[in-house]
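Naming: A, B, ... by sequence-line order, numbering from 1 per chain.
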Number of protein chains: 2
Amino acid sequence: MNLKELSHKLGLSPTTVSRALNGYPEVSEATREKVVAAARRHNYQPNTKAIRLATGRAMAVGHVVPLSNRHEIVNPIFADFIAGAGEMYSRAGYDLTLSIVPDAQETRTYRELHSRGTVDGVIVHSPLENDRRIALLQELEIPFVVHGRATGSELPYSWVDVNNRRAFKRATEFLLDLGHRRIALINGLEFMDFAIRRRRGYLDALEGHGLPADPDLMVSDEMTETHGYRHAQRMLARPNAPTAFLCSSMIIGLGVRRAIEDAGLKMGRDISIIIHDDELSYMRNGDDVPIFTATRSSVREAGRRAATMLLGIIAKTSPSPSHELLEADLIIGQSTGPAPKAP
Amino acid sequence: MNLKELSHKLGLSPTTVSRALNGYPEVSEATREKVVAAARRHNYQPNTKAIRLATGRAMAVGHVVPLSNRHEIVNPIFADFIAGAGEMYSRAGYDLTLSIVPDAQETRTYRELHSRGTVDGVIVHSPLENDRRIALLQELEIPFVVHGRATGSELPYSWVDVNNRRAFKRATEFLLDLGHRRIALINGLEFMDFAIRRRRGYLDALEGHGLPADPDLMVSDEMTETHGYRHAQRMLARPNAPTAFLCSSMIIGLGVRRAIEDAGLKMGRDISIIIHDDELSYMRNGDDVPIFTATRSSVREAGRRAATMLLGIIAKTSPSPSHELLEADLIIGQSTGPAPKAP
DNA sequence: TCAGGTAACCAAACCGTTTTGAATTTTGCA
DNA sequence: TGCAAAATTCAAAACGGTTTGGTTACCTGA
């Protein structure tokens, strides 16, 4: 059933039927009701392809998830982020077009997405330091929102981000207040923006307490259980071992916890851990009581915010460079305690 | 730059230019070269919206990922699956349209995807026992491929699946051969098809050895670290504790390992673990040496296969009900060893 | 030389909507 | 009652490609 058939059945012109269904005012209520009823009765669904061509809008948002050749990892938070964003899109009648692209082809992907008119806007994932995508998208004049920020990019652009710096500063201060002085940072790869900011927050706090940063206590690596384990194990084996760990993800935290227990120590008593918890649906930090003390911020909520922002920019109801900085909560769990007395 | 402009620049008709670019034979080589060169020079990209309307094909595949209200979990394997599938789509010039939908709206989503012509085919994720989606899609006549199978569905349909039953049978037999007699199964939720098959494989092996199945050694739950930990802890505390665990995911395995170590036991010596390893990019089972003995099967590869199969069905070059059963490898890691002698 | 075939190209129709500009009907008011 | 204004409705033109059904020019062979 298409518009022409439907309008023919009703003895009306396609124009009127289209207007009736799209809520235009220049159609009488009586007619509108008739049309709506008939549309429903015949299960008329307007053809997306035609709408898109006629309106020029793609009614779709693109998510371009980079797949780094270097580490071949699909960002594990993106599933939840997209779940949040998708909620908003479907509410607004938009589709979500997903491209997972090796970073070498990224530029081409954006260019094509634009010149072929496949999407009306784009969400940028995993921004790096001085991310060149921002300049590219600005040049192409595609509406876009970055999930995160790109340190070093001086151009204005829209983003939704967690206050990583403040979160890690606060977490570090919390540990300092508990008497910890040797605090390790097990961070993500530091060409990713969030990792840079987290380190900065960590350093801010140390500096604020007049403590020097020990390069041996800071690592930047892929965020896997194994890496968490290895780095923690190595650090714990050293003469001047840390008494606390700050971990950039839950999964690292699991590895660190294992290293602690392997060393015959007890987490929360001998060694403290704070993780950053993205509230991933398949990786909960305990159900009722949190396992780890954590800086917590929902990635799914970030997805919702970013989507809403982008839709606003596309509809031109939001100002074009918009920003949203989400604050992380500090959740106290069982993984932190006062620093043990020096022996 | 659109087709009309380009053809005007070339002094040719849109027809000829379109044909030249799409490789039709009724255009001279000389002309084709000129056209291709001009298209490249002016960076002409045909408008997706117009192609779609003109050809009637959506040039897009839909992935509908159910979001269960019951457990609110986005399937964590779907990111890697989609990474594999996406590779194939972009090669074929297809887009990937993603819908993450609360399962209550699933039916409606499929119906609309079809009647509005948004996609040419669909991948069905996380099939359940007697999944009603299969009948629905068949009725709607949308080409589709299921990732997994739906026990109880007697209609023929296309799928790509791992031989979960055989994998878990083999893993159980491996443990039996090592002398284990009390083997626990920490499974996923058993309304999901894969979990049903895994349990069946496990039971097959026990039965093959004339061993009774102990209901106390079988649990079915969400696959989280915490649940792995809790269930293992509970089982280990019992008088007749298991000497080996079979875990439906890596993440469960991490929890079980923690419970083992918490109990002062050593994995691989006192208690054995075998996990199923989907080779998720962000959750590697060790880098060089596997941590866990595992039944291994790449979810990303499954994504590639499913996508290829679906594209074939859409293009009508593949038979419509096609099947692909992937065998899992049994990888020997450090988490298994001979059953300890009874005290 | 001419009929018939073929290679190369083109005009116009089509895909199913929205939107523009105009025509028709109804209403309100003098 | 008549007429301008407002309310409805409609025909036709987009949107930007593909496809159908020709047309033209050039060969080929009798």
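- Looking at B:Arg305 and B:Glu301, a side-chain N of the basic residue comes within less than 4.0 Å of a carboxylate O on the acidic one, giving a salt bridge.
- Pairs of residues two or more places apart, or lying in two chains, that qualify as ring-ring contact (aromatic ring centres under 6.0 Å, His included) and include a residue from residues 74-99 of chain A are A:His63-A:Tyr89, A:Phe81-A:His125, A:Phe81-A:His147.
- In summary, B:Glu139 and B:Arg111 engage in a salt bridge, as defined by a charged side-chain N under 4.0 Å from a carboxylate O.
- A:Arg149 has no carboxylate O lying under 4.0 Å from a charged side-chain N of A:Asp193, or vice versa, which leaves the two without a salt bridge.
- Contact check on A:Glu87 versus A:Arg91 returns a salt bridge, with a Lys/Arg side-chain nitrogen under 4.0 Å from an Asp/Glu carboxylate oxygen.
- At a threshold of 4.0 Å, the pair B:Arg57-B:Asp120 does not count as salt-bridged, since none of the basic side-chain nitrogens sits closer than that to a carboxylate oxygen.
- Residues forming a ring-ring contact (aromatic ring centres under 6.0 Å, His included) with B:Phe144 (at least two apart in sequence, or on another chain): none.
- Salt bridge present: B:Asp95 and B:Arg52 bring a charged side-chain N and a carboxylate O closer than 4.0 Å.
- Against DNA chain C, the stretch residues 35-43 of chain A makes no heavy-atom approach under 4.0 Å.
- B:Gly117 comes within contact range of no nucleotide atom at all, as no heavy-atom separation falls under 4.0 Å.
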For residues 33-42 of chain B, which side-chain donor-acceptor pairs fall under 3.5 Å, sequence neighbours excluded?
| residue | atom | partner | partner atom | Å |
| --- | --- | --- | --- | --- |
| B:His42 | ND1 | B:Ala38 | O | 3.0 |

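- Nucleotides of DNA chain D lying under 4.0 Å from heavy atoms of chain A occupy a range whose first and last members, 5' to 3', are D:dT8 to D:dG16.
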Which parts of nucleotides 12-20 of chain C does protein reach within less than 4.0 Å, heavy atoms only, written one letter per nucleotide 5' to 3' as B for base, S for sugar-phosphate only and - for none?
-> B--BBBBBB
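- No side-chain donor from either of A:Thr15 and A:Ser18 sits under 3.5 Å from a side-chain acceptor of the other.
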